[in-house]
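Inspection log for the structure reproduced underneath, given as structure tokens.
Sequential numbering from 1 along the given sequence is applied to the chain's residues. Side chains are part of it too, since the values below use all heavy atoms of this structure and drop only hydrogens, waters and symmetry mates.
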Amino acid sequence: MKPTIRRCAFLAFLFFTLSSYSRAQSNAQISGQVTDASGYAIGSVRIIAQPQGIRSSQTYETTTASDGTYSLSLPPGSFHVHFEHPAFVPHHLTVQLAPAESRKLDLRLEIAQLSENVVVTANGQPLEVSQTPAPVDLIGREEIDQRQTVLLPDLLATQPGIAITRTGTVGGLTTVFVDGGNSGFAKVLVDGTPINLPGGDVDFSNLTLDNVDKVEIVHGAESALYGTDAMSGVIQIFTHRGTTRIPEAALFAEGGSFSSVRGGAQFSGALAGFDYSVSGSYFHTNGQGVNDGDLIRSYTGNVGYSFSNSNQIRLSVRSNSSFAGTPGQTLLFSADPSASYGLQQLSANFSWSFQTSVHWTHRVSATEARYFSNSGFPPFGNALNQANRAGGWAQSTYSFQQGAFTAGYQYEVENATSSGFGFVHGHRNNQGGFLDGRWSPISRLTLSAGARAEDNTSFGTRVMPRAGVVLGVRYAKGFWGDTRARISYGQGIEEPTILESFDTDPCSLGNPNLRPQRSRTLNLGVDQFLADERVRVSATYFADRFRDLITFVVGAEPGCPFGNTQFLNTDLSRARGLNFSAAIRLLHWLSLNGNYSFDDTRVLRSSTASTGFQVPGDHLLRRPVNSGNVWLNANHRGFNFNVNAYFTGVRTDSDFDGLGLTRNPGYARFDAASSYNVGRGLSFYARVSNLSDKQYQDAIGFPALGRDARIGLNYRFSGRN
């Protein structure tokens with residue numbers, strides 16, 4: 001009996017071995033290398049093969065190595081093969097494989113500009129964040145939805161190195177400071193269109209996040225790429241692009257404290273090379289005091305057409321308009337019941353991107369930004385301000401396996417008028433050419449450098465360089481993961497404002513000989529990944545120096561009751577500090593994020609020192625030395641809950657009314673938001689801003705909004721391909 005059992009077992013083993021060998025011999029194989037547009041190898045690309053026409057959950061999967069190569073064994077048949085990477089546009093293809101066939105499939109992936117792992121703003125071409133030497137913070141659509149943030153400045157305030165000032169509860173002038181620079185030292189772009197006032201800052205008070213997919217914040221001077229305004233950083237807003245054949249639609253409505261109501265809709269899709277995304281929203285609140293209401297209307301559109309994978313055109317338009325009451329410094333004086341502030345901001349961008357060969361990529365774009373404000377001060381009348389920036393941008397990029405070089409040219413026309421107590425009109429024609437390069441001599445090292453020659457009607461020609469290095473100190477898995485070091489240096493310029501250059505008031509005459517304000521910035525940073533990339537820690541030291549700062553000097557002049565004002569390049573200041581951030585995935589449904597900023601700004605030379613205002617050694621106005629943010633988010637089974645804690649330390653400030661107030665106390669504010677997905681696209685949400693009803697002021701005399709609770713309903717029809 002036993003020999004018979006042994007013979008049966010041996011025959012079964014032999015049959016299994018032969019059949020397995022036969023199947024292995026008949027299996028087909030696909031292999032190749034995955035690269036980006038420059039031929040640079042892409043690691044960690046997920047490759048998934050699914051049998052075509054067979055009702056089975058069976059899939060075959062592999063991942064590319066660090067050199068971009070892969071190999072996958074498949075049984076004979078027809079397969080859908082998917083190539084996926086967070087930083088690149090997914091690619092899908094169908095292959096028919098014969099028994100024992102060996103198919104070589106090399107693939108080039110297009111970088112996904114709206115990905116949270118891709119930086120568009122900091123380089124001549126879109127790059128993965130790991131290859132970018134400048135410090136960058138990326139905010140994606142998921143975070144915007146989870147925080148339920150409505151206005152852009154409220155989102156920016158939670159990021160490292162950012163401070164905001166708002167002159168009022170809602171609707172008041174809102175400006176942003178990046179790494180200690182002045183409010184006009186950050187260039188702001190919407191889909192590539194600059195929206196700064198000529199030589200000035202941006203009023204963020206009515207910039208909503210409707211139809212926005214991503215916000216990029218680049219720290220440091222970037223005038224080598226963007227010319228004037230990019231003195232301490234660049235902020236760019238990217239609107240949504242349609243991706244689904246069956247359209248996606250979203251409707252929302254909410255209401256709450258201070259008689260606030262808000263509603264809107266978004267519609268997007270893609271069909272036969274054409275993609276589209278449009279949105280509109282309405283917001284109104286009565287505010288918390290006399291003449292404290294605000295009304296905002298926002299409309300956006302982003303449409304594109306692809307003639308082929310290497311030839312696309314795109315048009316993006318965004319309009320934000322608002323009308324607000326401006327009661328003034330109600331913590332110091334009685335509210336003004338009739339003062340108002342109307343603001344309209346419009347931006348448009350038309351671009352054409354195409355390739356003429358595997359290595360050459362080109363982009364041509366036309367931009368237009370318009371600004372109109374009307375400030376009413378009865379019985380003194382209205383102050384009207386209008387401005388527009390119109391220009392063209394062309395660049396060509398040559399990509400190769402170890403890097404890329406970009407050459408570009410920009411031409412821009414600026415016009416602005418201002419009328420209040422006088423009338424000012426200014427016109428400038430500006431142009432600039434730039435070169436930017438990136439080279440990776442070895443896989444761990446990326447070098448970048450560039451320069452721009454800017455020719456400005458007001459100050460002539462200036463050249464601004466920049467350079468950077470990214471070093472992969474360590475590549476590893478496990479508890480102690482990848483370590484990346486960064487260093488970047490840049491110079492920036494800022495043109496004078498229209499008032500500073502062209503004012504014709506004899507008591508405040510513009511100075512046509514003003515030099516540009518200049519900056520020099522240095523950033524040293526390190527990024528560390530821990531616990532199988534569940535933890536990311538980043539720290540950046542920055543040292544910024546701001547020279548030739550424009551200020552006004554007041555002297556006695558007959559016929560000028562308030563004296564004669566002269567604009568001069570006299571002041572000097574600096575900012576040094578540390579931006580620290582951490583992101584921790586505690587559980588698959590629970591995450592904790594936090595950041596801290598130490599920003600030690602100092603006045604080094606000041607034309608107003610004799611008056612006791614901004615004496616050398618003082619901190620710069622409205623920039624806290626210490627600030628930070630902690631954000632806990634839970635997302636489990638259709639329920640999302642998050643709480644945000646923000647704090648800011650004491651700030652140097654001024655009441656500007658002769659009361660002698662120069663210190664603005666610090667504060668801590670807590671916000672909470674939650675949502676629940678009922679199903680079939682329906683969800684309910686609620687949020688409370690300033691949960692503890694903290695009384696504070698971002699600018700002396702202007703009270704911040706108290707506790708603001710809102711509830712809403714959202715319906716979303718998810719599109720499909």
Side-chain angles (χ1 to χ4, degrees), residues 27-52 59-75 77-97 101-120 123-132 243 306 308-312 353-361 397-405 438-446 470 472 475-477 481-482 484 529 532-533 721:
N27 272 0
Q29 186 180 62
I30 59 173
S31 62
Q33 185 183 38
V34 182
T35 60
D36 62 15
S38 63
Y40 194 84
I42 309 174
S44 302
V45 177
R46 189 181 178 198
I47 304 168
I48 307 168
Q50 296 175 309
Q52 186 179 20
T59 60
Y60 304 85
E61 185 174 337
T62 189
T63 304
T64 60
S66 59
D67 62 355
T69 59
Y70 71 95
S71 178
L72 183 61
S73 180
L74 299 170
S78 181
F79 289 86
H80 291 297
V81 184
H82 309 272
F83 295 79
E84 300 176 355
H85 188 283
F88 293 86
V89 177
H91 190 85
H92 312 283
L93 52 85
T94 301
V95 295
Q96 179 71 44
L97 299 172
E101 180 182 359
S102 181
R103 181 82 61 88
K104 188 172 179 60
L105 292 174
D106 291 331
L107 192 66
R108 290 200 172 194
L109 295 183
E110 176 189 353
I111 200 159
Q113 296 192 19
L114 296 182
S115 167
E116 295 179 37
N117 298 303
V118 172
V119 180
V120 176
N123 313 282
Q125 63 172 168
L127 284 178
E128 289 187 80
V129 67
S130 60
Q131 301 178 42
T132 303
T243 58
S306 297
S308 67
N309 290 335
S310 59
N311 190 353
Q312 301 97 23
S353 302
F354 60 97
Q355 286 183 265
T356 52
S357 71
V358 173
H359 298 287
W360 281 102
T361 304
T397 299
Y398 179 79
S399 303
F400 54 100
Q401 188 168 358
Q402 292 177 301
F405 291 98
R438 172 180 57 87
W439 181 47
S440 298
I442 58 176
S443 60
R444 289 177 177 264
L445 181 66
T446 300
V470 180
Y475 291 123
K477 299 293 184 181
D482 293 352
R484 183 169 61 244
F529 293 86
D532 291 323
E533 299 191 355
N721 284 312

Point to revise | Test item: L127 and R438 side chains (from C-beta on) under 4.5 Å apart, heavy atoms | key: yes

Review point. So how far is it from L109 CG to T35 OG1, rounded to the nearest 0.5 Å?
Key: 7.5 Å

Check your understanding: Under the 3.5 angstrom rule, does the side chain of R103 hit a backbone N or O of Q96 as a donor-acceptor pair?
Key -> yes

Exercise for review: Verify, without hydrogens or angle tests, whether T64 (side chain) and I42 (backbone) share a donor-acceptor contact under 3.5 angstrom.
Suggested key: yes

Study note, to complete from the structure: Shortest non-hydrogen pair, Q402 vs P441, comes out as NE2-O, 3.5 Å

Check your understanding: At their closest point, which heavy atom of V470 faces which heavy atom of T132, and how far apart are they?
Key -> CG2-C, 3.6 Å

Exercise for review: Over all heavy atoms of both residues, which pair between A404 and T397 is shortest? Give the atoms and the distance, please.
Suggested key: CB-CG2, 4.0 Å

**Study point:** Check: S44/T63 side-chain N/O donor and acceptor closer than 3.5 Å
**Key:** no

Check your understanding: Nearest 0.5 Å, what's the OH-OG distance between Y398 and S357?
Key -> 7.5 Å

Point to revise | Closest approach of V119 to N123 (non-hydrogen atoms, all atoms of both residues) | key: O-ND2, 3.8 Å

**Study point:** Test side chain to side chain contact (heavy atoms under 4.5 Å, CB included) applied to N309 and Q355, step by step
**Key:** CA-CA 9 Å; N309 290 335; Q355 286 183 265; over 6 Å; no

Check your understanding: Angle class for the F400/F405 ring planes (parallel below 30°, perpendicular above 60°, tilted otherwise)?
Key -> parallel

Check your understanding: At what distance, to the nearest 0.5 angstrom, does CG of L97 lie from CG of N27?
Key -> 10.0 Å

Check your understanding: OG/S399 to CZ/R108 distance, rounded to the nearest 0.5 angstrom?
Key -> 8.5 Å

Exercise for review: Taking all non-hydrogen atoms of both residues into account, name the closest pair between L105 and Y70 and its distance.
Suggested key: O-OH, 2.7 Å

Check your understanding: Distance from S306 atom OG to N311 atom CG, nearest 0.5 Å?
Key -> 8.5 Å

Exercise for review: Report yes if the side chains of L74 and I30 come closer than 4.5 Å at any heavy-atom pair, otherwise no.
Suggested key: yes

Exercise for review: Find the distance between CD (E128) and CG (N117) and round it off to the nearest 0.5 Å.
Suggested key: 7.0 Å

Practice item. Taking all heavy atoms of A41 and all of Q33, pick out the closest pair and write down the distance. Key: CB-NE2, 4.0 Å

Give every donor-acceptor pair under 3.5 Å between a side-chain atom in residues 87-94 and any protein atom, sequence neighbours left out.
residue, atom, partner, partner atom, Å
H92, ND1, H82, ND1, 2.6
T94, OG1, H80, ND1, 3.2

